[in-house]
**Student:** 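The structure that follows is given in the form of structure tokens.
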Amino acid sequence: AEISNGAKIFEANCASCHIGGGNILISQKTLKKEALSKYLENYNSDSIEAIIHQVQNGKNAMPAFKSKLTSEEILEVAAYVFQNAEQGW
Ligand code: HEM
């Protein structure tokens, strides 16, 4: 199957900490639907926007990506994370 741009961006920038939708640093703060709903601010009102905000700005031990990825790339990786959260990684 063709590998999406979002998947490639995730592999290159996120998988080191979030392999398989997990979190190697803070184990409960995964990219799974239940964790995002519980821990990520505004996820329940605007999921993609909430992921974009986290990726742009980072949080605590997670680095900011706004100077590393373009806004198009951040949108693509956020959509990829949302899709996988909905599908169950
Ligand atoms: C949290 C996405 C890269 C470390 C999160 C959350 C999202 C996310 C959506 C919220 C999870 C939740 O609250 O349940 C991404 C994406 C990345 C990326 C899309 C790539 C563009 C990384 C990298 C690291 C990292 C490279 C490690 C160096 C963390 C940590 C948290 C977190 C420690 C918890 C932050 C806190 O609330 O204290 N990430 N992440 N992330 N991420 Fe990332």
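We count residues from 1, following the sequence as given.
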**Student:** Could you list all the salt bridge (charged side-chain N to carboxylate O under 4.0 Å, His left out) pairs where at least one residue sits in residues 40-49, not counting sequence neighbours?
**Tutor:**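 Residue pairs passing salt bridge (charged side-chain N to carboxylate O under 4.0 Å, His left out), neighbours aside: none found.
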**Student:** Hey, what do you get for CE (Met62) to SG (Cys14), rounding to the nearest 0.5 Å?
**Tutor:**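 Between Met62 CE and Cys14 SG, I get 7.0 Å after rounding to 0.5 Å.
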**Student:** Does anything in residues 46-77 form a ring pair (Phe, Tyr, Trp, His ring centres under 6.0 Å)? List the pairs, not counting sequence neighbours.
**Tutor:**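 Matches after skipping sequence neighbours: none remain.
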**Student:** Quick one: side-chain hydrogen bond (donor to acceptor under 3.5 Å, both in side chains) partners of Lys66, sequence neighbours excluded?
**Tutor:**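 Testing Lys66 for side-chain hydrogen bond (donor to acceptor under 3.5 Å, both in side chains), a comparison that skips the adjacent residues, returns Asn57.
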**Student:** About how many Å separate CD1 of Ile48 and CG of Leu75, when rounded to the nearest 0.5 Å?
**Tutor:**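 Going from CG on Leu75 over to CD1 on Ile48, the span is 7.0 Å.
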**Student:** Between the side chain of Asn44 and the main-chain N/O of Ser37, is any donor-acceptor distance below 3.5 Å?
**Tutor:**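 Indeed, once roles are kept as given, a pair shorter than 3.5 Å links the two residues.
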**Student:** List for me each residue that meets side chain to side chain contact (heavy atoms under 4.5 Å, CB included) alongside Ile26, sequence neighbours excluded, and say none if there are none.
**Tutor:**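 For Ile26, the residues satisfying side chain to side chain contact (heavy atoms under 4.5 Å, CB included) (neighbours in sequence not counted) are Asn23, Gln28, Lys29.
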**Student:** Pairs in or reaching into residues 4-21: which pass side chain to side chain donor-acceptor pair (under 3.5 Å), with residues at least two apart or in two chains?
**Tutor:**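 Side chain to side chain donor-acceptor pair (under 3.5 Å) check on residues 4-21 returns Asn5-Glu76, Asn13-Lys68.
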**Student:** What are the two closest non-hydrogen atoms of Ala35 and Thr30, and how far apart are they?
**Tutor:**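 Nearest heavy atoms, Ala35 then Thr30: CB-OG1, 3.2 Å.
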**Student:** Sequence neighbours left out, what passes ring pair (Phe, Tyr, Trp, His ring centres under 6.0 Å) with Tyr43? Give chain and number order.
**Tutor:**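 In terms of ring pair (Phe, Tyr, Trp, His ring centres under 6.0 Å), with neighbours along the sequence ignored, Tyr43 is linked to no residue.
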**Student:** Report yes if some heavy atom in the side chain of Phe82 is under 4.5 Å from a heavy atom in the side chain of Ile51; otherwise report no.
**Tutor:**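 They are in contact (side-chain heavy atoms under 4.5 Å apart), so the answer is yes.
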**Student:** Among Ile, Leu, Val, Met, Phe, Trp and Tyr joined by side-chain contacts under 4.5 Å, find the other residues sharing a cluster with Tyr39 and list them by chain and number.
**Tutor:**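 Tyr39 clusters with nothing; isolated.
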**Student:** Would you please name every residue forming a side-chain hydrogen bond (donor to acceptor under 3.5 Å, both in side chains) with Lys33, sequence neighbours left out?
**Tutor:**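 For Lys33, the residues satisfying side-chain hydrogen bond (donor to acceptor under 3.5 Å, both in side chains) (neighbours in sequence not counted) are Glu86.
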**Student:** Can you tell me how far the CG atom of Leu31 sits from the CD1 atom of Ile19, to the nearest 0.5 Å?
**Tutor:**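 Leu31 atom CG to Ile19 atom CD1 measures 12.0 Å (nearest 0.5 Å).
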